[in-house]
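Here is how names work: the chains are called A, B, and so on, in the same order as the sequence lines, proteins then strands, and each is numbered from 1.
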Protein chains: 2
Amino acid sequence: MNINVGTSASRTTPFLPVRGTPTISATSRGTRELLMSIAGPPRRYVRGQHLFHAGDSDPSLYVVESGSVKLYGITSSGAEQIFAFCLPGEFFGLDVLGEPAHGSSAGVLEPTTVRALPVPEIRAMYRRIPAVQHRIHRLLAHRINELYEQMMVLSKKRADERLAGFLLGIDARLPEPQRAAHILRLSMSRYEIGCYLGLALETVSRILRRFDDEGLTRTRTRRIQLCDLERLRALAGLALSGPARTTPGILFA
Amino acid sequence: MNINVGTSASRTTPFLPVRGTPTISATSRGTRELLMSIAGPPRRYVRGQHLFHAGDSDPSLYVVESGSVKLYGITSSGAEQIFAFCLPGEFFGLDVLGEPAHGSSAGVLEPTTVRALPVPEIRAMYRRIPAVQHRIHRLLAHRINELYEQMMVLSKKRADERLAGFLLGIDARLPEPQRAAHILRLSMSRYEIGCYLGLALETVSRILRRFDDEGLTRTRTRRIQLCDLERLRALAGLALSGPARTTPGILFA
DNA sequence: TACGATTTTTGACGCACATCAACACATTTT
DNA sequence: AAAATGTGTTGATGTGCGTCAAAAATCGTA
(Lines give C-alpha, C1' and ligand atoms only; values in the text may rest on other atoms or scores of the structure.)
Protein backbone atom coordinates (compact mmCIF):
# COMPACT_ATOMS: atom_id res chain seq x y z
CA MET A 1 0.00 0.00 0.00
CA ASN A 2 3.05 2.21 -0.36
CA ILE A 3 2.79 2.93 3.32
CA ASN A 4 5.62 2.98 5.75
CA VAL A 5 4.66 2.80 9.35
CA GLY A 6 7.32 2.67 11.96
CA THR A 7 7.99 -0.68 13.53
CA SER A 8 4.66 -2.24 14.30
CA ALA A 9 5.73 -2.46 17.91
CA SER A 10 5.19 1.27 18.05
CA ARG A 11 1.47 0.69 17.69
CA THR A 12 -0.28 0.87 20.98
CA THR A 13 -2.49 -2.12 21.65
CA PRO A 14 -5.97 -0.67 22.07
CA PHE A 15 -7.40 -2.68 24.95
CA LEU A 16 -7.21 -6.15 26.26
CA PRO A 17 -7.90 -6.80 29.94
CA VAL A 18 -9.07 -10.36 29.45
CA ARG A 19 -12.23 -10.77 31.43
CA GLY A 20 -13.07 -13.90 33.33
CA THR A 21 -9.89 -15.63 34.25
CA PRO A 22 -7.83 -13.55 36.66
CA THR A 23 -4.59 -13.63 34.73
CA ILE A 24 -1.61 -14.00 36.96
CA SER A 25 0.77 -12.28 34.59
CA ALA A 26 2.30 -9.04 35.77
CA THR A 27 1.86 -7.35 32.40
CA SER A 28 -1.73 -7.81 31.33
CA ARG A 29 -1.09 -4.91 29.01
CA GLY A 30 1.63 -5.10 26.41
CA THR A 31 1.14 -8.66 25.26
CA ARG A 32 1.78 -7.42 21.75
CA GLU A 33 5.16 -6.11 22.80
CA LEU A 34 5.88 -9.41 24.50
CA LEU A 35 5.04 -11.26 21.34
CA MET A 36 7.16 -8.93 19.27
CA SER A 37 10.09 -9.53 21.57
CA ILE A 38 10.56 -12.98 20.07
CA ALA A 39 10.20 -11.77 16.48
CA GLY A 40 13.12 -12.39 14.17
CA PRO A 41 14.87 -9.65 12.20
CA PRO A 42 12.95 -7.73 9.51
CA ARG A 43 13.05 -9.42 6.14
CA ARG A 44 12.47 -7.65 2.83
CA TYR A 45 10.52 -9.00 -0.10
CA VAL A 46 9.22 -7.74 -3.42
CA ARG A 47 6.00 -8.37 -5.32
CA GLY A 48 5.50 -11.98 -6.26
CA GLN A 49 7.73 -13.52 -3.62
CA HIS A 50 6.23 -15.88 -1.10
CA LEU A 51 6.61 -16.32 2.65
CA PHE A 52 5.11 -19.77 2.58
CA HIS A 53 2.88 -21.97 0.49
CA ALA A 54 -0.11 -24.03 1.55
CA GLY A 55 1.28 -27.29 2.86
CA ASP A 56 4.62 -25.88 4.02
CA SER A 57 5.46 -26.99 7.51
CA ASP A 58 7.45 -23.85 8.25
CA PRO A 59 6.72 -23.46 11.97
CA SER A 60 6.36 -19.73 12.33
CA LEU A 61 3.83 -17.00 11.89
CA TYR A 62 4.46 -13.49 10.66
CA VAL A 63 3.84 -9.80 11.24
CA VAL A 64 3.75 -7.22 8.47
CA GLU A 65 6.01 -4.28 9.23
CA SER A 66 5.45 -2.37 6.03
CA GLY A 67 3.89 -3.19 2.69
CA SER A 68 1.20 -5.80 2.21
CA VAL A 69 0.66 -9.51 1.76
CA LYS A 70 -2.12 -11.62 0.31
CA LEU A 71 -3.26 -14.90 1.84
CA TYR A 72 -4.75 -17.22 -0.73
CA GLY A 73 -5.60 -20.72 -1.80
CA ILE A 74 -6.19 -22.53 -5.08
CA THR A 75 -9.55 -24.05 -5.94
CA SER A 76 -9.86 -27.63 -7.13
CA SER A 77 -10.34 -26.18 -10.60
CA GLY A 78 -7.18 -24.12 -10.36
CA ALA A 79 -8.68 -20.71 -9.61
CA GLU A 80 -7.13 -18.40 -7.06
CA GLN A 81 -9.14 -17.36 -4.01
CA ILE A 82 -7.75 -14.65 -1.78
CA PHE A 83 -8.65 -15.06 1.89
CA ALA A 84 -7.21 -11.83 3.23
CA PHE A 85 -5.01 -8.86 2.55
CA CYS A 86 -2.59 -8.23 5.41
CA LEU A 87 -1.54 -4.67 6.17
CA PRO A 88 1.17 -3.24 8.44
CA GLY A 89 0.83 -4.34 12.04
CA GLU A 90 -1.19 -7.43 11.24
CA PHE A 91 -0.31 -11.04 12.05
CA PHE A 92 -0.83 -13.86 9.60
CA GLY A 93 -0.13 -17.56 9.27
CA LEU A 94 -1.59 -18.20 12.72
CA ASP A 95 -2.99 -21.55 11.72
CA VAL A 96 0.41 -23.21 12.14
CA LEU A 97 -0.18 -22.87 15.86
CA GLY A 98 -2.70 -25.65 15.57
CA GLU A 99 -2.07 -27.40 12.28
CA PRO A 100 1.08 -29.21 11.19
CA ALA A 101 1.33 -27.05 8.04
CA HIS A 102 0.10 -23.78 6.62
CA GLY A 103 -3.38 -23.95 5.18
CA SER A 104 -2.91 -21.10 2.76
CA SER A 105 -0.18 -19.39 0.75
CA ALA A 106 1.24 -15.96 1.54
CA GLY A 107 2.35 -13.84 -1.40
CA VAL A 108 3.84 -10.38 -1.25
CA LEU A 109 2.03 -7.58 -3.11
CA GLU A 110 4.63 -4.79 -3.08
CA PRO A 111 8.02 -4.08 -1.48
CA THR A 112 7.35 -5.37 1.98
CA THR A 113 9.11 -6.16 5.21
CA VAL A 114 7.89 -8.82 7.62
CA ARG A 115 9.17 -10.42 10.80
CA ALA A 116 8.77 -14.06 11.75
CA LEU A 117 7.66 -15.42 15.13
CA PRO A 118 8.76 -19.01 15.73
CA VAL A 119 5.93 -21.18 17.00
CA PRO A 120 8.04 -23.07 19.56
CA GLU A 121 9.02 -19.83 21.22
CA ILE A 122 5.41 -18.69 21.34
CA ARG A 123 4.44 -21.96 22.96
CA ALA A 124 7.24 -21.59 25.48
CA MET A 125 5.95 -18.15 26.29
CA TYR A 126 2.51 -19.54 27.13
CA ARG A 127 3.90 -21.26 30.19
CA ARG A 128 5.48 -18.15 31.57
CA ILE A 129 2.84 -15.61 30.57
CA PRO A 130 -0.78 -16.76 30.34
CA ALA A 131 -1.81 -13.39 28.93
CA VAL A 132 0.03 -14.16 25.71
CA GLN A 133 -2.03 -17.26 25.35
CA HIS A 134 -5.26 -15.33 25.81
CA ARG A 135 -4.04 -12.92 23.20
CA ILE A 136 -3.53 -15.72 20.72
CA HIS A 137 -6.97 -17.05 21.44
CA ARG A 138 -8.36 -13.59 20.87
CA LEU A 139 -6.63 -13.41 17.53
CA LEU A 140 -7.85 -16.82 16.40
CA ALA A 141 -11.41 -16.29 17.60
CA HIS A 142 -11.54 -12.83 16.09
CA ARG A 143 -10.33 -14.18 12.79
CA ILE A 144 -13.09 -16.76 12.78
CA ASN A 145 -15.69 -14.06 13.28
CA GLU A 146 -14.14 -12.02 10.49
CA LEU A 147 -14.49 -15.01 8.21
CA TYR A 148 -18.14 -15.36 9.17
CA GLU A 149 -18.59 -11.77 8.12
CA GLN A 150 -16.85 -12.50 4.83
CA MET A 151 -19.08 -15.52 4.25
CA MET A 152 -22.12 -13.28 4.53
CA VAL A 153 -20.58 -10.88 2.03
CA LEU A 154 -19.79 -13.62 -0.46
CA SER A 155 -23.15 -15.28 -0.33
CA LYS A 156 -25.60 -12.39 0.11
CA LYS A 157 -24.21 -9.07 -1.10
CA ARG A 158 -24.30 -7.48 -4.52
CA ALA A 159 -21.11 -6.48 -6.31
CA ASP A 160 -21.37 -2.79 -5.40
CA GLU A 161 -22.03 -3.62 -1.75
CA ARG A 162 -18.98 -5.87 -1.66
CA LEU A 163 -16.78 -3.21 -3.19
CA ALA A 164 -18.00 -0.50 -0.84
CA GLY A 165 -17.31 -2.75 2.13
CA PHE A 166 -13.88 -3.58 0.78
CA LEU A 167 -12.85 0.04 0.34
CA LEU A 168 -14.11 1.00 3.78
CA GLY A 169 -12.39 -2.01 5.29
CA ILE A 170 -9.03 -1.04 3.86
CA ASP A 171 -9.57 2.57 4.83
CA ALA A 172 -10.32 1.68 8.44
CA ARG A 173 -7.10 -0.29 8.69
CA LEU A 174 -4.80 2.44 7.46
CA PRO A 175 -2.39 3.81 10.03
CA GLU A 176 -3.48 7.15 11.49
CA PRO A 177 -1.66 9.63 9.24
CA GLN A 178 -3.23 8.51 5.95
CA ARG A 179 -6.57 7.54 7.36
CA ALA A 180 -7.56 11.15 7.80
CA ALA A 181 -7.58 11.88 4.07
CA HIS A 182 -9.39 8.66 3.16
CA ILE A 183 -7.12 8.17 0.20
CA LEU A 184 -6.23 4.57 -0.52
CA ARG A 185 -3.18 3.52 -2.44
CA LEU A 186 -3.98 -0.04 -3.31
CA SER A 187 -1.21 -2.56 -3.73
CA MET A 188 -3.45 -5.12 -5.35
CA SER A 189 -4.71 -5.34 -8.92
CA ARG A 190 -8.33 -5.32 -10.02
CA TYR A 191 -7.94 -9.03 -10.56
CA GLU A 192 -6.85 -9.57 -6.98
CA ILE A 193 -9.67 -7.47 -5.61
CA GLY A 194 -12.03 -9.61 -7.64
CA CYS A 195 -10.38 -12.78 -6.33
CA TYR A 196 -11.02 -11.62 -2.82
CA LEU A 197 -14.61 -10.48 -3.36
CA GLY A 198 -15.74 -13.28 -5.63
CA LEU A 199 -16.11 -11.01 -8.67
CA ALA A 200 -14.63 -10.79 -12.15
CA LEU A 201 -12.02 -8.06 -12.57
CA GLU A 202 -14.19 -6.39 -15.19
CA THR A 203 -16.97 -6.08 -12.65
CA VAL A 204 -14.60 -4.48 -10.16
CA SER A 205 -13.53 -1.97 -12.77
CA ARG A 206 -17.08 -1.17 -13.82
CA ILE A 207 -18.41 -0.71 -10.31
CA LEU A 208 -15.50 1.52 -9.44
CA ARG A 209 -16.36 3.62 -12.46
CA ARG A 210 -19.95 3.88 -11.30
CA PHE A 211 -18.84 4.95 -7.83
CA ASP A 212 -16.86 7.74 -9.47
CA ASP A 213 -19.80 8.78 -11.64
CA GLU A 214 -22.02 8.92 -8.59
CA GLY A 215 -19.52 10.93 -6.60
CA LEU A 216 -18.81 8.22 -4.05
CA THR A 217 -15.13 7.97 -4.93
CA ARG A 218 -12.46 9.57 -7.06
CA THR A 219 -10.38 6.88 -8.73
CA ARG A 220 -7.07 7.17 -10.54
CA THR A 221 -6.08 3.56 -11.20
CA ARG A 222 -4.78 2.40 -7.82
CA ARG A 223 -5.24 5.65 -5.99
CA ILE A 224 -8.80 5.78 -4.70
CA GLN A 225 -10.22 8.63 -2.69
CA LEU A 226 -13.32 7.98 -0.66
CA CYS A 227 -15.49 11.07 -1.05
CA ASP A 228 -18.87 10.13 0.39
CA LEU A 229 -18.25 7.87 3.37
CA GLU A 230 -21.86 7.95 4.51
CA ARG A 231 -23.25 6.63 1.27
CA LEU A 232 -20.47 4.07 1.02
CA ARG A 233 -21.29 2.84 4.51
CA ALA A 234 -24.96 2.67 3.67
CA LEU A 235 -24.15 0.63 0.59
CA ALA A 236 -21.87 -1.71 2.50
CA GLY A 237 -24.55 -2.18 5.12
CA LEU A 238 -22.50 -0.74 7.95
CA ALA A 239 -23.83 1.37 10.76
CA LEU A 240 -23.89 4.98 9.62
CA SER A 241 -21.17 7.34 10.81
CA GLY A 242 -19.37 5.88 13.83
CA PRO A 243 -16.27 8.01 14.45
CA ALA A 244 -13.98 5.84 16.53
CA ARG A 245 -13.95 2.46 14.90
CA THR A 246 -12.41 -0.14 17.16
CA THR A 247 -9.83 -2.12 15.25
CA PRO A 248 -8.88 -4.57 17.96
CA GLY A 249 -7.94 -7.58 15.94
CA ILE A 250 -4.82 -7.02 13.90
CA LEU A 251 -4.38 -10.66 13.04
CA PHE A 252 -4.71 -13.16 10.35
CA ALA A 253 -4.52 -16.87 10.06
CA MET B 1 -30.03 -35.98 11.81
CA ASN B 2 -32.04 -38.54 13.71
CA ILE B 3 -28.83 -40.12 14.81
CA ASN B 4 -28.02 -41.39 18.22
CA VAL B 5 -24.41 -42.05 18.84
CA GLY B 6 -23.26 -43.14 22.22
CA THR B 7 -21.73 -40.45 24.36
CA SER B 8 -19.37 -38.51 22.20
CA ALA B 9 -16.64 -39.41 24.64
CA SER B 10 -16.68 -42.85 23.13
CA ARG B 11 -15.11 -41.46 19.98
CA THR B 12 -11.43 -42.13 19.87
CA THR B 13 -9.31 -39.12 19.10
CA PRO B 14 -7.56 -39.99 15.83
CA PHE B 15 -4.08 -38.55 16.28
CA LEU B 16 -2.47 -35.68 18.00
CA PRO B 17 1.16 -35.92 19.06
CA VAL B 18 1.85 -32.22 18.74
CA ARG B 19 5.13 -31.87 16.94
CA GLY B 20 7.72 -29.34 17.98
CA THR B 21 7.11 -28.57 21.59
CA PRO B 22 7.83 -31.57 23.78
CA THR B 23 4.61 -31.55 25.77
CA ILE B 24 5.18 -32.35 29.40
CA SER B 25 1.70 -33.70 29.97
CA ALA B 26 1.44 -37.33 30.96
CA THR B 27 -1.62 -37.95 28.78
CA SER B 28 -0.82 -36.68 25.31
CA ARG B 29 -3.63 -38.90 24.15
CA GLY B 30 -7.14 -38.50 25.50
CA THR B 31 -7.37 -34.74 25.53
CA ARG B 32 -10.92 -35.09 24.30
CA GLU B 33 -11.79 -37.18 27.33
CA LEU B 34 -10.12 -34.63 29.54
CA LEU B 35 -12.17 -31.88 28.00
CA MET B 36 -15.35 -33.90 28.36
CA SER B 37 -14.63 -34.42 32.04
CA ILE B 38 -15.60 -30.83 32.73
CA ALA B 39 -18.72 -30.94 30.59
CA GLY B 40 -21.98 -30.22 32.32
CA PRO B 41 -24.98 -32.59 32.29
CA PRO B 42 -26.73 -33.37 28.98
CA ARG B 43 -29.42 -30.87 28.10
CA ARG B 44 -32.31 -31.56 25.76
CA TYR B 45 -33.72 -29.16 23.19
CA VAL B 46 -36.20 -29.26 20.34
CA ARG B 47 -36.21 -27.62 16.92
CA GLY B 48 -36.22 -23.85 17.06
CA GLN B 49 -34.71 -23.47 20.51
CA HIS B 50 -31.42 -21.66 20.89
CA LEU B 51 -28.31 -22.31 22.92
CA PHE B 52 -27.09 -18.77 22.51
CA HIS B 53 -27.49 -15.74 20.29
CA ALA B 54 -24.83 -13.59 18.70
CA GLY B 55 -23.84 -11.06 21.33
CA ASP B 56 -24.61 -13.27 24.33
CA SER B 57 -21.78 -13.30 26.82
CA ASP B 58 -22.59 -16.81 28.00
CA PRO B 59 -19.09 -18.06 28.81
CA SER B 60 -19.23 -21.64 27.66
CA LEU B 61 -18.87 -23.70 24.55
CA TYR B 62 -20.81 -26.81 23.64
CA VAL B 63 -20.63 -30.35 22.35
CA VAL B 64 -23.39 -32.04 20.42
CA GLU B 65 -24.28 -35.42 21.93
CA SER B 66 -27.10 -36.27 19.58
CA GLY B 67 -29.15 -34.35 17.04
CA SER B 68 -27.86 -31.28 15.22
CA VAL B 69 -27.38 -27.55 15.57
CA LYS B 70 -26.99 -24.70 13.11
CA LEU B 71 -24.61 -21.81 13.64
CA TYR B 72 -25.75 -18.68 11.88
CA GLY B 73 -25.70 -14.91 11.66
CA ILE B 74 -27.97 -12.22 10.26
CA THR B 75 -26.89 -9.99 7.38
CA SER B 76 -27.20 -6.23 7.57
CA SER B 77 -30.23 -6.58 5.33
CA GLY B 78 -31.82 -9.12 7.62
CA ALA B 79 -31.04 -12.31 5.72
CA GLU B 80 -29.93 -15.45 7.50
CA GLN B 81 -26.53 -16.93 6.76
CA ILE B 82 -25.68 -20.33 8.15
CA PHE B 83 -22.01 -20.77 9.01
CA ALA B 84 -22.03 -24.42 9.96
CA PHE B 85 -24.14 -27.44 10.78
CA CYS B 86 -22.91 -29.20 13.91
CA LEU B 87 -23.32 -32.96 14.18
CA PRO B 88 -22.86 -35.38 17.10
CA GLY B 89 -19.41 -35.26 18.62
CA GLU B 90 -18.64 -31.76 17.35
CA PHE B 91 -17.78 -28.71 19.43
CA PHE B 92 -19.18 -25.28 18.69
CA GLY B 93 -19.20 -21.81 20.17
CA LEU B 94 -15.42 -21.89 20.52
CA ASP B 95 -15.08 -18.22 19.77
CA VAL B 96 -16.03 -17.30 23.34
CA LEU B 97 -12.59 -18.53 24.31
CA GLY B 98 -11.20 -15.40 22.74
CA GLU B 99 -14.06 -12.95 22.38
CA PRO B 100 -16.19 -11.47 25.16
CA ALA B 101 -19.39 -12.70 23.48
CA HIS B 102 -20.59 -15.22 20.94
CA GLY B 103 -20.16 -14.09 17.35
CA SER B 104 -22.96 -16.21 15.99
CA SER B 105 -26.25 -17.76 17.06
CA ALA B 106 -26.78 -21.46 17.69
CA GLY B 107 -30.21 -22.87 16.85
CA VAL B 108 -31.35 -26.44 17.30
CA LEU B 109 -32.57 -28.30 14.19
CA GLU B 110 -34.23 -31.37 15.71
CA PRO B 111 -34.55 -33.05 19.11
CA THR B 112 -31.02 -32.65 20.33
CA THR B 113 -28.92 -33.04 23.43
CA VAL B 114 -25.82 -30.99 24.10
CA ARG B 115 -23.38 -30.54 26.97
CA ALA B 116 -21.79 -27.27 28.00
CA LEU B 117 -18.12 -26.70 28.81
CA PRO B 118 -17.52 -23.62 30.99
CA VAL B 119 -14.73 -21.46 29.63
CA PRO B 120 -13.19 -20.68 33.03
CA GLU B 121 -12.73 -24.38 33.72
CA ILE B 122 -11.13 -24.89 30.33
CA ARG B 123 -8.73 -22.05 31.05
CA ALA B 124 -7.92 -23.54 34.42
CA MET B 125 -7.17 -26.81 32.72
CA TYR B 126 -4.62 -25.16 30.46
CA ARG B 127 -2.32 -24.57 33.39
CA ARG B 128 -2.36 -28.14 34.49
CA ILE B 129 -2.42 -29.86 31.13
CA PRO B 130 -0.74 -28.13 28.19
CA ALA B 131 -2.04 -30.79 25.81
CA VAL B 132 -5.56 -29.48 26.27
CA GLN B 133 -4.41 -26.10 25.14
CA HIS B 134 -2.83 -27.54 22.02
CA ARG B 135 -6.05 -29.33 21.34
CA ILE B 136 -8.00 -26.09 21.51
CA HIS B 137 -5.52 -24.45 19.16
CA ARG B 138 -5.95 -27.34 16.80
CA LEU B 139 -9.68 -26.89 16.86
CA LEU B 140 -9.53 -23.15 16.24
CA ALA B 141 -6.90 -23.41 13.50
CA HIS B 142 -8.72 -26.24 11.83
CA ARG B 143 -11.93 -24.27 11.87
CA ILE B 144 -10.21 -21.37 10.15
CA ASN B 145 -9.00 -23.63 7.37
CA GLU B 146 -12.48 -25.07 7.02
CA LEU B 147 -13.80 -21.57 6.55
CA TYR B 148 -11.19 -20.90 3.87
CA GLU B 149 -12.50 -23.94 2.08
CA GLN B 150 -16.03 -22.65 2.41
CA MET B 151 -15.01 -19.24 1.04
CA MET B 152 -13.71 -20.95 -2.08
CA VAL B 153 -16.99 -22.81 -2.41
CA LEU B 154 -19.08 -19.67 -2.03
CA SER B 155 -17.13 -17.58 -4.47
CA LYS B 156 -16.07 -20.02 -7.17
CA LYS B 157 -18.32 -23.07 -7.36
CA ARG B 158 -21.51 -23.63 -9.28
CA ALA B 159 -24.71 -24.65 -7.53
CA ASP B 160 -24.40 -28.34 -8.36
CA GLU B 161 -20.78 -28.43 -7.20
CA ARG B 162 -21.76 -26.84 -3.89
CA LEU B 163 -24.56 -29.32 -3.34
CA ALA B 164 -22.37 -32.31 -4.16
CA GLY B 165 -19.74 -31.09 -1.71
CA PHE B 166 -22.38 -30.50 0.93
CA LEU B 167 -23.84 -33.98 0.67
CA LEU B 168 -20.41 -35.63 0.74
CA GLY B 169 -19.42 -33.45 3.68
CA ILE B 170 -22.39 -34.55 5.73
CA ASP B 171 -21.87 -38.14 4.70
CA ALA B 172 -18.25 -38.14 5.80
CA ARG B 173 -19.20 -36.86 9.22
CA LEU B 174 -21.78 -39.51 9.99
CA PRO B 175 -20.89 -41.92 12.77
CA GLU B 176 -19.66 -45.29 11.51
CA PRO B 177 -22.86 -47.36 11.49
CA GLN B 178 -24.83 -45.13 9.08
CA ARG B 179 -21.87 -44.02 7.03
CA ALA B 180 -21.60 -47.40 5.37
CA ALA B 181 -24.97 -47.09 3.61
CA HIS B 182 -24.40 -43.48 2.52
CA ILE B 183 -27.95 -42.62 3.37
CA LEU B 184 -28.40 -39.16 4.83
CA ARG B 185 -31.32 -38.16 6.96
CA LEU B 186 -31.14 -34.41 6.86
CA SER B 187 -32.40 -32.38 9.77
CA MET B 188 -32.34 -29.13 7.82
CA SER B 189 -34.80 -27.74 5.29
CA ARG B 190 -34.04 -26.84 1.70
CA TYR B 191 -34.11 -23.25 2.82
CA GLU B 192 -31.44 -23.89 5.42
CA ILE B 193 -29.26 -25.78 2.98
CA GLY B 194 -29.56 -22.81 0.66
CA CYS B 195 -28.68 -20.43 3.49
CA TYR B 196 -25.52 -22.38 4.08
CA LEU B 197 -24.51 -22.72 0.43
CA GLY B 198 -25.48 -19.27 -0.74
CA LEU B 199 -28.32 -20.53 -2.93
CA ALA B 200 -32.07 -20.06 -3.16
CA LEU B 201 -34.10 -22.96 -1.80
CA GLU B 202 -35.66 -23.46 -5.22
CA THR B 203 -32.21 -24.00 -6.66
CA VAL B 204 -31.40 -26.58 -4.02
CA SER B 205 -34.58 -28.43 -4.85
CA ARG B 206 -33.96 -28.30 -8.59
CA ILE B 207 -30.36 -29.49 -8.39
CA LEU B 208 -31.33 -32.31 -6.10
CA ARG B 209 -33.91 -33.34 -8.67
CA ARG B 210 -31.27 -33.29 -11.38
CA PHE B 211 -28.94 -35.45 -9.27
CA ASP B 212 -31.74 -37.98 -8.99
CA ASP B 213 -32.43 -37.89 -12.72
CA GLU B 214 -28.77 -38.46 -13.43
CA GLY B 215 -28.53 -41.34 -10.97
CA LEU B 216 -26.20 -39.58 -8.55
CA THR B 217 -28.64 -39.72 -5.65
CA ARG B 218 -31.98 -41.11 -4.66
CA THR B 219 -33.97 -38.45 -2.83
CA ARG B 220 -37.13 -38.80 -0.79
CA THR B 221 -37.54 -35.35 0.77
CA ARG B 222 -35.06 -35.39 3.62
CA ARG B 223 -33.78 -38.87 3.12
CA ILE B 224 -31.03 -38.76 0.53
CA GLN B 225 -29.10 -41.76 -0.63
CA LEU B 226 -25.76 -41.18 -2.32
CA CYS B 227 -25.60 -43.64 -5.18
CA ASP B 228 -22.62 -42.57 -7.26
CA LEU B 229 -19.94 -41.35 -4.88
CA GLU B 230 -17.30 -41.13 -7.56
CA ARG B 231 -19.24 -38.78 -9.75
CA LEU B 232 -20.33 -36.74 -6.76
CA ARG B 233 -16.72 -36.37 -5.68
CA ALA B 234 -15.70 -35.38 -9.18
CA LEU B 235 -18.43 -32.74 -9.21
CA ALA B 236 -17.46 -31.41 -5.80
CA GLY B 237 -13.86 -31.19 -6.92
CA LEU B 238 -12.58 -33.66 -4.37
CA ALA B 239 -9.86 -36.19 -4.91
CA LEU B 240 -11.40 -39.32 -6.38
CA SER B 241 -12.05 -42.29 -4.14
CA GLY B 242 -10.00 -41.94 -0.95
CA PRO B 243 -11.30 -44.59 1.44
CA ALA B 244 -10.24 -43.44 4.90
CA ARG B 245 -11.06 -39.78 5.12
CA THR B 246 -9.36 -38.17 8.08
CA THR B 247 -11.89 -36.26 10.09
CA PRO B 248 -9.60 -34.83 12.71
CA GLY B 249 -11.35 -31.60 13.53
CA ILE B 250 -14.66 -32.16 15.22
CA LEU B 251 -15.03 -28.56 16.23
CA PHE B 252 -16.81 -25.40 15.48
CA ALA B 253 -16.59 -21.83 16.52
C1' DT C 1 -58.67 -39.83 9.23
C1' DA C 2 -58.83 -35.32 8.21
C1' DC C 3 -57.44 -30.72 8.59
C1' DG C 4 -54.29 -26.77 8.46
C1' DA C 5 -49.54 -25.37 8.28
C1' DT C 6 -45.24 -25.87 6.59
C1' DT C 7 -42.14 -27.55 3.26
C1' DT C 8 -41.04 -28.96 -1.31
C1' DT C 9 -41.59 -29.03 -6.15
C1' DT C 10 -42.10 -27.14 -10.67
C1' DG C 11 -42.61 -23.55 -14.15
C1' DA C 12 -42.04 -18.87 -16.27
C1' DC C 13 -39.34 -14.91 -16.39
C1' DG C 14 -35.73 -11.49 -15.60
C1' DC C 15 -31.43 -9.73 -14.14
C1' DA C 16 -26.82 -9.33 -12.16
C1' DC C 17 -22.80 -10.66 -13.29
C1' DA C 18 -19.44 -13.67 -16.08
C1' DT C 19 -17.37 -14.19 -20.39
C1' DC C 20 -15.40 -12.81 -24.66
C1' DA C 21 -13.11 -9.35 -27.21
C1' DA C 22 -10.86 -5.08 -28.30
C1' DC C 23 -8.74 -1.14 -27.03
C1' DA C 24 -6.28 2.32 -24.01
C1' DC C 25 -2.94 3.22 -20.61
C1' DA C 26 1.05 2.88 -17.78
C1' DT C 27 5.50 1.03 -16.77
C1' DT C 28 9.58 -1.12 -17.89
C1' DT C 29 13.06 -2.62 -21.28
C1' DT C 30 16.32 -2.09 -24.93
C1' DA D 1 11.92 7.06 -28.24
C1' DA D 2 10.03 2.77 -29.65
C1' DA D 3 8.71 -1.72 -28.35
C1' DA D 4 7.05 -4.92 -25.19
C1' DT D 5 4.42 -6.28 -21.27
C1' DG D 6 1.24 -6.02 -17.79
C1' DT D 7 -2.87 -3.67 -16.11
C1' DG D 8 -7.13 -1.28 -16.59
C1' DT D 9 -11.30 0.18 -19.26
C1' DT D 10 -15.30 -0.44 -22.00
C1' DG D 11 -18.70 -2.71 -24.90
C1' DA D 12 -21.47 -6.71 -26.60
C1' DT D 13 -23.43 -10.96 -25.48
C1' DG D 14 -24.82 -14.94 -22.86
C1' DT D 15 -26.32 -17.59 -18.84
C1' DG D 16 -26.74 -19.37 -14.11
C1' DC D 17 -29.40 -18.62 -10.74
C1' DG D 18 -32.68 -15.56 -8.18
C1' DT D 19 -37.44 -14.10 -7.96
C1' DC D 20 -42.27 -14.62 -8.36
C1' DA D 21 -46.15 -17.64 -8.42
C1' DA D 22 -48.86 -21.64 -7.74
C1' DA D 23 -49.53 -26.43 -7.14
C1' DA D 24 -48.19 -30.70 -4.73
C1' DA D 25 -46.36 -33.27 -0.99
C1' DT D 26 -45.33 -33.82 3.82
C1' DC D 27 -45.83 -33.08 8.58
C1' DG D 28 -48.05 -31.95 12.83
C1' DT D 29 -52.06 -32.38 15.36
C1' DA D 30 -56.82 -32.58 16.47
Could you check A:I183 against A:L226 for side chain to side chain contact (heavy atoms under 4.5 Å, CB included), going step by step and ending with a plain yes or no?
CA-CA 6 Å; A:I183 295 177; A:L226 309 188; over 6 Å; no
Please report, rounded to the nearest Å, how far the P atom of C:dT27 is from the CZ atom of A:R222.
10 Å
Can you list everything that forms a salt bridge (Lys or Arg N to Asp or Glu O under 4.0 Å) with A:R218? Sequence neighbours excluded, please.
none
With a 4.0 Å cut-off on N to O distance, would you call A:E192 and A:R47 a salt bridge?
yes
Under 4.0 Å between a side-chain nitrogen and a carboxylate oxygen: does that hold for B:R143 and B:E90?
no
What is the distance, rounded to the nearest whole Å, between atom CZ of B:R223 and atom C1' of D:dC27?
18 Å
Separation of B:L201 atom CG from D:dA21 atom C1', in whole Å?
13 Å
Rounded to whole Å, CZ of B:R190 lies from P of C:dT10 at a distance of 10 Å
B:L199 CG to D:dT19 P, straight-line distance once rounded to whole Å
11 Å
Pairing donors with acceptors under 3.5 angstrom, does anything connect the side chains of A:S155 and B:Q81?
yes
Does anything in residues 155-163 of chain A come within less than 4.0 Å of DNA chain C? Heavy atoms only, and list the residues if so.
A:R158, A:A159
Using a 4.0 Å heavy-atom cut-off, does B:G194 contact any base of the nucleic acid, only the sugar-phosphate backbone, or nothing at all?
nothing
Nearest whole angstrom, please: distance from the P of C:dT6 to the CG of B:L109.
18 Å
Just the rounded figure in Å: distance from P of C:dT7 to CD of B:E192.
8 Å
Rounded distance (Å) that lies between atom C1' of C:dT7 and atom CD1 of B:I193:
12 Å
For DNA chain C, which residues of residues 202-217 of chain A approach it to below 4.0 angstrom with any heavy atom?
A:E202, A:T203, A:R206
Between B:H102 and B:D56, do the side chains contain an N or O donor and an N or O acceptor separated by less than 3.5 Å?
no
Side chain of A:A200, heavy atoms from C-beta onward: which of C:dT8, C:dT19, D:dT7 has the nearest atom to it?
C:dT19
Of all heavy-atom pairs between B:A164 and B:F211, which one has the smallest distance, and what is that distance?
N-CE1, 4.0 Å
With A:H50, the ring-ring contact (aromatic ring centres under 6.0 Å, His included) member among A:Y62, A:Y72, A:Y45:
A:Y72
Identify the heavy atoms of B:A106 and B:L71 that sit nearest to each other, and give their distance.
CB-CD1, 3.8 Å
